[in-house]
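Worksheet: one structure, shown below.
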Amino acid sequence: MALTSKTALVTGSTSGIGLAYARAFAAEGANVVINGFGEASAIEAERQRIESEFGVKAIYSAADMAKPDEIAAMVKLAEDTFGALDILVNNAGVQFVSPVDELPIEKWDQIIAINLSSAFHAMRAAIPGMRTRGWGRIISTASAHSLVASPFKSAYVAAKHGIAGLTKTVALELATHKITVNCISPGYVWTPLVEAQIPNTMRIRNMTKEQVIADVMLAGQPTKEFVTSEQVAALAVFLCQDAAAQITGANLSMDGGWTAA
Ligand code: NAD
């Protein structure tokens, strides 16, 4: 149990990679704050499952990652409930596939707010407490799209490149405070976010679902396999351990070789 007595907050953890992070931290003994959208009964069932399966305390915040004041309140809720926020994972994210000149302005604004600015607002709220206590771990889910681009994903690629830059900057600012700041850059992970972009990609590229999976998603992923959410979460757990104390400012790829090509 590497994380007993720690508190971890994972944004966007009602689904996909975020839920895997929350469960992996809880499995190592951390209390967790889960966050994200979804059906209230399903979220409550998941919250209870984490508590009963792992014997930790789990609370839920409905904060909208597009709203800075709600993000600050979520961090305060974590600190008030558990006395500290030790591990912050900026993970909430949305996607919209469209040629840049047809991308609705509100979609651009939404993707930048949720996928990039929310990490700034959460860090801004969480860092003072971490600095005072002299320990912290900040991890953001970036993407292979923080390193390379794909067409029709302008806002997403811009936001993820932004996360990589934010990570490096904040890592340097906190380097002497025993607070590490890193991002993980997965390739394609089979989650609801990925499944949801298939119909638009089929339309734009005039492809079948099978063609989108093989010729778009896994075409650039040399292993020809999806990354799993559990693999991403295992790396995050490692980053929270003493063995990873000197890993900071890193953008860690987990993409089946995609960005090596
Ligand atoms: P997902 O759709 O399964 O989960 C996204 C989570 O974010 C959900 O819990 C959702 O409720 C939450 N969310 C969305 N908008 C929100 C908002 N305004 N406020 C609070 N929560 C909000 O997606 P996922 O694939 O698990 O993606 C998680 C992260 O991983 C994202 O940042 C995504 O960009 C990144 N990522 C995903 C992949 C992939 O292939 N799935 C690859 C690289 C990076």
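Whatever order the structure lists ligands and atoms in, that order sets their numbers, starting from 1. Residue indices begin at 1 and follow the sequence shown. All heavy atoms count here, side chains included; hydrogens, waters and symmetry mates do not. Owing to the predicted nature of the structure, the values given are computational and were not obtained by experimental measurement.
Contacts between F226 and ligand 1 below 4.0 angstrom, taking non-hydrogen atoms only, are absent altogether. With a 4.0 Å heavy-atom cut-off, ligand 1 is reached by the side chain of I114 but not by its N, CA, C or O. At a heavy-atom distance under 4.0 Å, no atom of A144 approaches ligand 1. With a 4.0 Å heavy-atom cut-off, ligand 1 is reached by the side chain of V94 but not by its N, CA, C or O. Proximity of S13 to ligand 1, defined as any heavy-atom pair under 4.0 Å, is confined to the backbone N, CA, C and O atoms. At a heavy-atom cutoff of 4.0 Å, ligand 1 is contacted by the side chain of V194 but not by its backbone. Contacts with ligand 1 closer than 4.0 Å are made by no heavy atom of Q95, backbone or side chain. In S185, neither the side chain nor the backbone holds a heavy atom less than 4.0 Å from any atom of ligand 1.
Of the listed options L116, I17, I34, I17 places a heavy atom closest to atom 26 (O) of ligand 1. The heavy atom nearest to atom 32 (O) of ligand 1, out of those in T14, N91, T141, is found in N91. Across the listed options L193, V89, I43, L193 owns the non-hydrogen atom lying nearest to atom 2 (O) of ligand 1. Across G187, S143, G93, heavy-atom proximity to atom 38 (C) of ligand 1 is greatest for G187.
Taking only nitrogen or oxygen atoms, main chain and side chain alike, Y188 does not reach within less than 3.5 Å of ligand 1. For the pair G36 and ligand 1, the shortest N or O to N or O distance does not fall below 3.5 Å.
The protein heavy-atom contact nearest to atom 7 (O) of ligand 1 is G12 CA, 3.4 Å.
Remark: distances from the non-hydrogen atoms of G38 to ligand 1 are all 4.0 Å or more.
Aromatic ring centres of W108 and F96 lie farther apart than the 6.0 Å criterion allows.
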